[in-house]
Undergrad: 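After the structure tokens below, expect a handful of questions from me.
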Amino acid sequence: MLRGWHIRHKDLQIIVNLKRRKLMSKFFKAFLLAFLAFPFAANAVTVASWGGAYTESQIKAYVDTYSDPSAIQFENYNGGLGEVRAQVESGNVTWDVVDVLPDQAITGCDEGLFEDISDLYDDFTPAPDGTGMIEDMANNGVTNLSDCCAPQIFWTYVVFYDPDAFPGDKPSRIADFFDTTKFPGKRGVHTWANGFIQMALVADGVAPNAVYTVLKNQTGAVDRAFGVMDKIKADIVHWSAGAKPLELVKSGEVVMSIAYNGRVGAANLAEGENFEYIWEGQLIEQEYICLMTGAPDRDRAIDWMIHASSPTSQAEQAKYITYGPMRASGIPIIEAGEPWGPNGQAIMPHMPNTPERLKISVMGDPEWWSDNGAEIDERYAAWMGN
Amino acid sequence: MEDIISTTDQILTTDGLPLKVSLRKTERKNKIRAFLLVFPLLLFIIVTFVVPIGDMLLRSVDDSQINNVYAKTFEEYNKWDSENDELPPEAVYEAIFNDIHYGDKVQVGKALTRMNYSKSGWKSLIKKTRRAIKKIVKSGELPTSYKETMISIHEGWGDRLFWVSMKQMVNEKTVIYYWNAIDRTYDIDGNVIMQDEKRRMYIKTWIRTFKVSVYVTFFCLLLGFPVAHLLANLPLRYSNLLMIFVLLPFWTSLLVRTTAWIVMLQQKGVINGVLVWLGIINDDQRIQMVYNMTGTIIAMTQILLPFMILPLYSVMKVIPKSHMRAAQNLGAKPVRAFIRVYLPQTVPGMSAGGLLVFVLAIGYFITPELVGGKDGQLIGHWIAYHLKTTLNWGLCAAIGSILLAIMLVLYWLYNKIVGIDNIKLG
């Protein structure tokens, strides 16, 4: 009895083992196949972008409206050219298009990480009145397009506050941000210099459109900015992640903060907040999509870039995030279509680059920044830590 | 002796081979088999460890890219009598004129990133000049004086500071990145001097990194020791529960824990709120505990604590309880018994935990980045910055290599003082 059971048990074990081995080999094969197939599975244009609400808006505005939405896939990255350079140098390019900051658009083009597409600019969609893309951008004050990229949006460093925090007078000018006697309380500022030093100069009386001229031509202009920043140094809370300034202001940790305008717009439009902007002195930065050198799906990538940089596409994106179209002709499309927001909200109050706001804004000069940014950032770090 | 060997040589196996040969054959077979078994692992270590570190060390001293682009310029530049002449001679201007124009566009572009780090402004200087030179060459009229032409294109060519900064680039194998990583640079004669005062922040950051790592290690030890002791000595059902308390945060996402600390520590946060509620501080005296170094130390201590507790626990677990009893039996008071008998036996755990925490802390990035604010960012921040933003990979590699060297020195010191055999991880 016992012996018989023992044998049966043994048989059973063999069967189980066999099955397990089969299962294992199946699993192994599937694994190997998945592993091998992975690089080839990406049979689409891969766009690397920042993720979050921004990429969602890109997908809605540029992919869902594209002739073949399944041909485009987005991948998140953390910004910077580190991964781009690693891909190009190793010869293993898996991205086709990268969404980058303007100074990186320039550096990447200089270094040959992005492909020069300036010959193709004539193929890009003109404005409704026939103005070509380059001129259309120039109408918005952008002259420094790198030769490898197509325009996306304007985003800005802007000061915002919760009006409830100021029962009496409310801050309205950038100088108020640097004046803690008139408006006591802490200020939220990011841990790098860009945006902050330009605001400091405007607060010190430099005309917004002259900030870069002053930085370029006047010796000691940077010292001057740091001098203004010194005034509120003891009252600064430094943030480094884009969601932080909203939390800081909401929780009352600071009374005013510099933030990305799109984040403030989203809080106002989607979360029912009532934040006010100080548009004066806001730094307008550009965002580009650039073609990787050696992009695996180059032609389709260019076709998509043309689609994503047309005025209508750019106006469409503003529906989902309050970043402004870099094509000047995008703004009238939004204005005509108001209320343009997805929930029937008017979005022009949150657009950073209306003609009136452009007049009091600092237009970023990525060329100057890519020249001087590293030195200023190091100086800023020394200043913060002292 | 010889006789014996020669007789053993005569012994044959059943195959007719001498025993020695046959033995050697099997031995070689075994060796090959053993090697093949470890080969995947060896390959793995080479690919993931040796190659990247080697690459990093090479990059930290390699400046060949720019030396290829400006080969002629640098050759002429080295002949420049910089003591007597304010600006370099005509030959240098001619050489750089040609190097910029005839150099491969991408290679010149790559060199820009590197040049700009030595002095801000190189980028636009070269780019503007390149465009202007293109026009000049196209027009067919080569300049009679390259020097004057270039200065008229951009006044930067008449600025001695640009030429001084070139001194940092002329060596194909260079240590300038290491000097840059500790706030130093070259003057016109190639002497090492301090970087511009306003720009000095690396030494400060290095010291801060060290300070934070030491503090974090110390606090981890301070907090981890009693916990590990409890874990090792409590009855099983309590110690299991306690172990879960230790491990649960360990398994929780790093970002969640970091953010939780921000909520706890900020001025309108939990801790300040409780202090104000208890009347210990006034509402306008709320303490700034986050977005500075304090926040970094607190958050990192909590996050790294399990790395101290677990090795300590595994060591304490095997210390027989009878040792303390024996010591007390022999007349030692509890404190003395603890210091003389128990503590020395926990040294392997303390040193393993300490080394582990310190190594992790010195290269820590994400937590200091989020809670560091004004003065809590560590050297890892600058590696990431130069890797992504300025693309100054030489400097990144130099900083990384210095970190590696610091770790090796610490390891060596540790081995000298405590002995590496004394380490116990589990």
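We name chains A, B, ... by the order of the sequence lines, and we start the count at 1 in each one.
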Undergrad: Return the CG to CZ distance between L391(B) and R85(A), rounded to the nearest 0.5 Å.
TA: 4.5 Å

Undergrad: Tell me, side chain or backbone of R286(B) under 4.5 Å from chain A's heavy atoms, or both, or neither?
TA: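 Contact with chain A involves no heavy atom of R286(B) at all.
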
Undergrad: Of the listed residues (Y202(B), Y291(B), Y117(B)), which shares the most heavy-atom pairs with chain A below a 4.5 Å separation?
TA: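 Result: the option with the highest number of such pairs is Y291(B).
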
Undergrad: Could you tell me which portion of H386(B) (side chain, backbone, both or neither) has an atom closer than 4.5 angstrom to a non-hydrogen atom of chain A?
TA: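 It is the side chain, since no backbone atom gets that close.
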
Undergrad: Which one of K110(B), K127(B), K105(B) satisfies the side-chain contact (heavy atoms from CB on, under 4.5 Å) criterion with D110(A)?
TA: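 Exactly one option meets the side-chain contact (heavy atoms from CB on, under 4.5 Å) with D110(A), and it is K127(B).
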
Undergrad: For the backbone of S120(B) and the side chain of D371(A), can you confirm whether one donor and one acceptor N or O come within less than 3.5 Å of each other?
TA: no

Undergrad: Which region of R200(B), side chain (C-beta onward) or backbone (N, CA, C, O), has a non-hydrogen atom less than 4.5 Å from a non-hydrogen atom of chain A, or is it both or neither?
TA: backbone

Undergrad: Using non-hydrogen atoms and a limit below 4.5 Å, what part of residues 154-164 of chain B faces chain A?
TA: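 Under the 4.5 Å heavy-atom cut-off, nothing qualifies.
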
Undergrad: How would you list, in number order, the residues of residues 183-194 of chain A that have a heavy atom less than 4.5 Å from chain B?
TA: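 Only K186(A), T191(A) of residues 183-194 of chain A have a heavy atom under 4.5 Å from chain B.
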
Undergrad: Which answer fits W122(B), side chain, backbone, both or neither, if we ask what part of it has an atom under 4.5 Å from a heavy atom of chain A?
TA: backbone

Undergrad: Which bit of E197(B) is near chain A, if near means a heavy-atom gap under 4.5 Å: side chain, backbone, both or neither?
TA: neither

Undergrad: Less than 4.5 Å to any heavy atom of chain A: does that hold for the side chain of T390(B), its backbone, both, or neither?
TA: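 Only the side chain of T390(B) comes within 4.5 Å of chain A.
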
Undergrad: Could you tell me which portion of K198(B) (side chain, backbone, both or neither) has an atom closer than 4.5 angstrom to a non-hydrogen atom of chain A?
TA: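 Contact with chain A: backbone and side chain both.
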
Undergrad: Under 4.5 Å between any side-chain heavy atoms of Q377(B) and M384(A), yes or no?
TA: yes

Undergrad: Do the side chains of E253(A) and K268(B) get close enough for a salt bridge, i.e. N-O under 4.0 angstrom?
TA: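 Salt bridge: no.
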
